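Written out below as structure tokens is the structure these notes cover.
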Amino acid sequence: MRRPRGEPGSRAPRPTEGATCAGPGESWSPSPNSMLRVLLSAQASAARLSGLLLLPPVQTCCLGPSKWGDRPSRGGPHTGPVQGLQRLLEQARSPGELLRWLGQNPTKVRTHHYPVALRRLGQLLGSRPQPPPVEQATLQDLSQLIIRNCPSFDIHTIHVCLHLAALLGFPSDGPLVCALERERRFRLPPKPPPPLQPVLRGGQRLEAALSCPRFLRHPQQHLIRSLAEARPEELTPHVMVLLAQHLARHRLREPQLLEAIAHFLVVQEAQLSSKVVQKLVLPFGRLNYLPLEQQFMPCLERILAREAGVAPLATVNILMSLCQLRCLPFRALHFVFSPGFISHISGTPHALIVRRYLSLLDTAVELELPGYRGPRLPRRQQVPIFPQPLITDRARCKYSHKDIVAEGLRQLLGEEKYRQDLTVPPGYCTDFLLCVSSSGAVLPVRTQDPFLPYPPRSRSRGQAASQPTTRDPAQRVVLMLRERWHFCRDGRVLLGSRALRERHLGLMGYQLLPLPFEELESQRGLPQLKSYLRQKLQALGLRWGPEGG
């Protein structure tokens with residue numbers, strides 16, 4: 001095939017002084033051959049250029065015709081001067097010949113020819129260990145051609161040229177890359193202006209922090225900063241309720257925030273209804289935190305006395321939080337156990353949940369308030385407190401250690417010597433229950449009554465509430481799983497409901513054997529877990545198997 005002759009006057013103009021290109025690690029200099037000499041030297045890295053060989057040949061059809069008229073002719077993909085020049089570029093045998101085809105035929109050069117030339121140049125430089133130097137054609141000539149014509153490139157051609165220029169070693173702050181980057185940015189769609197952010201003050205910042213997606217990662221810092229910047233009059237009941245609910249939901253036992261809620265409750269006592277107060281006191285019981293605010297309990301007692309007959313469910317909810325804190329006021333108990341209150345709630349939609357809470361309050365009175373002499377919940381009104389595992393345990397059952405502990409006990413003791421998920425009076429669900437003789441032998445559960453009597457038989461009015469009251473020849477040992485979600489977020493303090501259950505089971509006479517999540521998580525496999533359970537049971541003096549009877 002005859003090569004087209006260079007057209008008269010079509011020779012590429014010489015680059016201007018100071019616009020030369022430099023290789024990797026070099027600065028720009030007036031020398032016309034600096035960039036090419038570095039790339040053609042024996043020390044040039046072929047690995048950098050090998051990426052060029054992984055790109056498919058850049059063809060007119062893959063780049064697509066641009067809006068500046070570089071459409072293929074009707075004679076087919078390899079006919080016409082435009083396609084002929086592309087084939088000449090793809091078959092060039094040296095960098096000098098490659099650059100000569102571009103410089104001598106400016107009227108035939110289209111935008112897609114420049115990435116073809118860059119790719120072919122990379123192939124030539126990467127295919128020869130020590131390519132011979134060229135005469136006058138340099139990478140500066142190619143870069144100047146691309147800089148001069150890049151305003152007519154489409155965005156795809158610009159991206160290809162940027163990629164190839166990086167592989168060839170053009171510096172990121174050099175004229176070629178800067179010109180291509182400038183054209184790339186010019187073609188990007190304009191960004192819409194950011195929406196104007198409203199000026200948030202005090203309580204509004206706190207409310208926004210509670211709604212922020214990043215809040216879960218750094219909750220305390222956001223809240224403490226917002227509370228510190230808020231003025232007292234900006235802390236509305238709605239904002240403080242949001243704060244209380246968030247602390248309770250995410251088990252955040254943050255003393256500064258809880259004290260702020262307690263202080264707000266005391267200061268705003270006259271303006272708060274019991275329906276708002278029940279939400280404000282919720283985190284204190286759930287997080288097992290009794291505030292240092294001295295007026296906290298007197299304030300709640302006054303609110304209960306004022307609002308008890310207005311909102312029965314809110315009243316019982318407040319007492320439930322105080323029950324977890326072991327701070328039940330006698331006056332409020334007199335009111336909720338009165339026949340009038342019980343008769344009033346019997347016909348309401350929330351009668352069952354109120355009766356369940358009243359049953360728990362009656363249990364707390366029986367076990368923890370020996371000095372109480374007021375009315376009690378009638379036996380016919382009592383219902384099981386927690387007849388099944390709590391919702392949090394059911395929701396996280398796939399993360400629980402209960403199944404593997406059950407299998408370890410089955411292999412260690414046998415299925416007949418323990419009961420799982422047994423609910424004992426007055427309605428507490430136990431994880432695992434063992435019946436043990438006075439000599440320490442683990443007995444088959446079917447031969448024993450697994451329940452201890454409730455109320456405890458031997459309780460006397462002067463007996464301390466912290467001492468077990470049942471004296472039965474056969475002991476009942478309850479293995480209590482202490483999972484990670486049974487604790488506040490810091491992992492050291494049991495949640496109020498968990499502490500209440502363990503406290504009441506202990507007061508009823510059950511011997512508790514806690515199994516903390518840190519110890520369970522450290523066991524690798526069932527053999528280690530069985531060894532761990534054996535050590536725990538033997539530490540209590542328990543025996544089983546042939547030697548244990």
Side-chain angles (χ1 to χ4, degrees), residues 1-8 10-15 20-21 23 32-42 44-46 48-63 70 72-73 76-150 153 157 160-170 176 180:
M1 177 178 177
R2 295 182 59 186
R3 300 177 180 173
R5 296 180 180 178
E7 297 179 7
S10 63
R11 189 169 187 85
R14 290 301 172 197
T20 58
C21 303
N33 291 324
S34 58
M35 177 67 178
L36 191 60
R37 285 173 180 170
V38 171
L39 289 175
L40 297 182
S41 65
S45 173
R48 176 188 298 161
L49 303 176
S50 63
L52 294 169
L53 306 178
L54 301 178
L55 294 173
V58 183
Q59 300 177 358
T60 306
C61 57
C62 73
L63 291 174
D70 53 343
S73 63
H78 296 292
T79 61
V82 174
Q83 285 74 25
L85 178 58
Q86 176 172 335
R87 192 164 67 174
L88 289 174
L89 294 173
E90 292 173 345
Q91 297 176 354
R93 292 169 295 183
S94 67
E97 182 180 342
L98 180 73
L99 299 176
R100 188 163 59 251
W101 291 127
L102 288 174
Q104 292 179 353
N105 300 276
T107 61
K108 301 180 179 65
V109 176
R110 298 294 183 265
T111 58
H112 67 273
H113 288 145
Y114 293 101
V116 171
L118 284 173
R119 180 182 181 276
R120 182 56 183 165
L121 181 61
Q123 291 175 336
L124 291 172
L125 296 178
S127 61
R128 303 182 183 183
Q130 294 183 350
V134 295
E135 298 175 354
Q136 297 296 327
T138 64
L139 289 181
Q140 179 189 0
D141 299 315
L142 179 58
S143 69
Q144 287 300 314
L145 284 173
I146 296 176
I147 291 172
R148 187 164 56 249
N149 292 279
C150 68
F153 291 2
T157 304
V160 173
C161 288
L162 278 171
H163 176 69
L164 295 172
L167 291 175
L168 282 168
F170 284 89
L176 175 61
L180 291 171

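What you see is a predicted model, and the numbers here were worked out from it, not measured in a lab. All values below come from the heavy atoms of this structure, side chains included, with hydrogens, waters and symmetry mates left out.
The shortest non-hydrogen separation linking R120 to E90 is NE-O, 3.3 Å. Considering all non-hydrogen atoms of both residues, L180 and L162 come closest at CB-CD2, 3.5 Å.
Between atom CG of residue L85 and atom NE2 of residue H113 there is a gap of 4.5 Å, rounded to the nearest 0.5 Å.
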